[in-house]
Structures are given as C-alpha cells and as structure tokens.
Amino acid sequence: MTNVHLPQAWDARYQQGTDGWELGKAAPPLQAFLEHHPRAPQPDGPVLVPGCGRGHEAALLARLGFEVIGLDFSSEAIREARRLHGEHPRLRWLQADLFDADALSGAGLASGSLSGVLEHTCFCAIDPSQRAHYRSTVDRLLRAEGWLLGLFFCHPRPGGPPFGSDPEQLAASWAQIGFHPLIWEPAQGSVAGRSEEWLGFWRKPEQRSA
C-alpha cells in the first residue's frame, strides 16, 4: 500500500508503472467541460493543478490559453510532465507539497494569487484526514470569485488510495467554507471503470460576510 504522505512512494509508482490512475490524456469529462460548456471559465489569471501527475490537464488548460502551474510533490511526476508537455510561458511545473505554505509562497503562490484550481486525482490520493487542509489551502490561494473545477472519485469502498467520498458530504464541505456550487452532478463521458466520478464547479464568494 502506498504511503500517501511520502513523495518517494509516489515516485516508485511512476517508476514501476503502477500508476493506475494514468489515462494518457486529460480526463474526458474535464476536457468536455472546459472546451464546450457555457459556464466554463475563461483565461483570467493563474490556474493551479495540484497533484498534476503527468500533467495532461495542465497542458490542456495551457492549450486553451490559461496561465497554468502544474504542481506535484513527486519528482518523477514533474519529470514526466516536463518530458511529455514541455514548459513555456503559459505552462510551468513546480515540485512542492501543496500543504507547504512557505514553499508555495516562495514560488509565487501567495494568498489570493490564483484565479482557478483544477482538481483531478489529488483529492482522492491524499489521506482523508488532510481534506480540510486541502479545502483551506484552495480557499486561501484563490482570489475572490475564483473558481474550483474538479472531477471527484465518489466511490463508497473503504481504504485507498484512491480514497472515496460521499457526494452529499463532499458538496456540503465546500458549502461550509462559503463556496457557491454552480455544478455538482455525476460526470458524463468518464472512461470505462470510472462510473463513480462526479463533476463539480464552484465559485469562491466575492467577499466574506462579517
């Protein structure tokens, strides 16, 4: 079982080819949403892809005109992302821990610095005890009215990774920190074997109530 807290454990999975989450492309529900949905966000400031893996979603965003940072704490993931997709002014890779605020700040990811966050396979890979920290980190990094787009693995099975989620509880947890849901529904067009994916799109409020 992977020790999800250690980047070396994820490095080993990339080296051994046991990264079963890898699709070789961006997740179809996310690509379809970004390319065709009338509510899809438009380029307007930096977007973070946490736990970017081989970087397919980050590269997709860059092709659509977004300024993108693909972040992963696995050196092998970042090496593979650079090999597959390169690096240019709209697409950069950062090896760092999402929960290391000092490392993020040193790389230019300060509070309110992002217009968006795209989630795919990071939330289900971290220990569930870290999910509140994940939410607070996304909240801190996003500017007012910033967006979160995510494809979440909502299976009911114990253990992980991938760790499952309850769709109602997951949606409620974002509502509890004030995020406004624009879309929360079973994903359409998921690859075979991933029928339990849910697609979510939220906006951070313009300002917090006193």
Side-chain angles (χ1 to χ4, degrees), residues 1-27 29-30 47-58 68-84 93-107 109 114 117-142 148-167 169-174 176-177 187 190-191 193-200:
M1 181 178 180
T2 299
N3 185 330
V4 297
H5 299 281
L6 297 177
Q8 297 90 337
W10 294 101
D11 289 343
R13 294 195 68 167
Y14 283 102
Q15 292 163 350
Q16 296 162 5
T18 56
D19 49 332
W21 60 90
E22 168 66 18
L23 297 178
K25 61 183 180 180
L30 290 172
V47 175
L48 180 69
V49 182
C52 67
R54 287 188 168 87
H56 305 303
E57 281 79 24
V68 190
I69 305 101
L71 177 142
D72 208 295
F73 75 166
S74 164
S75 60
E76 285 296 310
I78 294 299
R79 183 185 65 79
E80 280 288 281
R82 284 197 175 103
R83 180 183 67 83
L84 290 167
W93 308 105
L94 175 62
Q95 183 188 350
D97 189 331
L98 177 65
F99 302 127
D100 187 339
D102 290 339
L104 298 188
S105 180
L109 299 177
L114 298 175
V117 172
L118 186 147
E119 158 61 37
H120 180 226
T121 71
C122 182
F123 190 83
C124 69
I126 62 174
D127 190 297
S129 66
Q130 295 178 298
R131 288 179 172 178
H133 196 179
Y134 179 103
R135 288 188 292 271
S136 65
T137 299
V138 169
D139 186 24
R140 177 177 61 82
L141 292 176
L142 281 176
L148 167 67
L149 172 64
L151 190 62
F152 293 87
F153 201 19
C154 292
H155 72 77
R157 296 176 291 281
F163 298 99
S165 298
D166 176 84
Q169 292 177 0
L170 194 154
S173 70
W174 289 105
Q176 286 169 0
I177 63 171
S190 296
V191 300
R194 298 196 183 184
S195 61
E196 296 160 310
E197 290 179 326
W198 280 62
L199 182 75

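Counting begins at 1 with the first residue of the sequence.
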Write down the atom of [X], the atom of [Y], and the distance for their closest heavy-atom approach.
X: Ala125; Y: Phe163; result: O-CE1, 3.8 Å
X: Ala58; Y: Gly70; result: CB-CA, 4.4 Å
X: Asp72; Y: Gly53; result: OD2-N, 2.9 Å
X: Leu6; Y: Phe73; result: C-CZ, 4.0 Å
X: Thr121; Y: Gly51; result: OG1-O, 4.2 Å
X: Ala103; Y: Ala96; result: CB-CB, 4.4 Å

Fill in: Intermediate values then yes/no, side-chain contact (heavy atoms from CB on, under 4.5 Å), Leu149 and Leu199
CA-CA 8 Å; Leu149 172 64; Leu199 182 75; 4.0 Å; yes
By side chain to side chain contact (heavy atoms under 4.5 Å, CB included), which residues pair with [X], not counting sequence neighbours?
X: Arg83; value: Glu80
X: His133; value: Phe99, Ser136, Thr137
X: Gln95; value: Ser75, Ile78

Atom pair [atom1] ([X]) and [atom2] ([Y]), whose distance is rounded to the nearest 0.5 Å:
X: Leu141; Y: Leu148; atom1: CG; atom2: CG; value: 11.5 Å
X: Trp174; Y: Gln169; atom1: CH2; atom2: CD; value: 15.0 Å
X: His155; Y: Ser165; atom1: NE2; atom2: OG; value: 7.5 Å
X: Ser173; Y: Arg131; atom1: OG; atom2: CZ; value: 8.5 Å
X: Ser105; Y: Arg140; atom1: OG; atom2: CZ; value: 8.0 Å
X: Gln16; Y: Glu76; atom1: CD; atom2: CD; value: 10.5 Å

Item to complete: Compare all side-chain heavy atoms of Leu71 with those of Cys52 and state whether any distance is below 4.5 angstrom.
Response: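 Heavy-atom side-chain distance check fails, nothing below 4.5 Å.
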Practice prompt. Decide yes or no for Pro161 and Arg13: does some side-chain heavy atom of the first lie under 4.5 Å from some side-chain heavy atom of the second?
Written response: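 When only atoms from C-beta onward are counted, Arg13 and Pro161 do touch, with a gap below 4.5 Å.
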Worksheet item: Between His120 and Leu151, is there a donor-acceptor pair closer than 3.5 Å when you use the side chain of the first and the backbone of the second?
Response: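 No: the side chain of His120 does not pair with the backbone of Leu151.
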Discussion item. Test of understanding: with side chain to side chain donor-acceptor pair (under 3.5 Å), list the residues that count as partners of Ser129, not counting sequence neighbours.
Written reply: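 Partners of Ser129 under the side chain to side chain donor-acceptor pair (under 3.5 Å) test: Asp127.
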Discussion item. Suppose we screen for ring-ring contact (aromatic ring centres under 6.0 Å, His included). Which residues come up paired with His56, at least two apart in sequence or across chains?
Written reply: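 Checked His56 against ring-ring contact (aromatic ring centres under 6.0 Å, His included); matches are His85.
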Item to complete: Output all residues satisfying ring-ring contact (aromatic ring centres under 6.0 Å, His included) with Phe152, sequence neighbours left out; order by chain, then residue number.
Response: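 Scan of Phe152 (ring-ring contact (aromatic ring centres under 6.0 Å, His included), adjacent residues dropped) gives Phe123, Trp184, Trp202.
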Practice prompt. With side-chain contact (heavy atoms from CB on, under 4.5 Å) as the test, would you mind laying out the steps for Leu48 and Leu98 before giving the verdict?
Written response: CA-CA 10 Å; Leu48 180 69; Leu98 177 65; 4.2 Å; yes
Worksheet item: How far apart are the C-alpha atoms of Ile177 and Val138, what are their side-chain angles, what is the distance that settles it, and do they pass the side-chain contact (heavy atoms from CB on, under 4.5 Å) test?
Response: CA-CA 11 Å; Ile177 63 171; Val138 169; over 6 Å; no
Discussion item. side-chain contact (heavy atoms from CB on, under 4.5 Å), that's the test. Do Leu118 and Leu30 meet it? Break it down for me.
Written reply: CA-CA 9 Å; Leu118 186 147; Leu30 290 172; 4.0 Å; yes
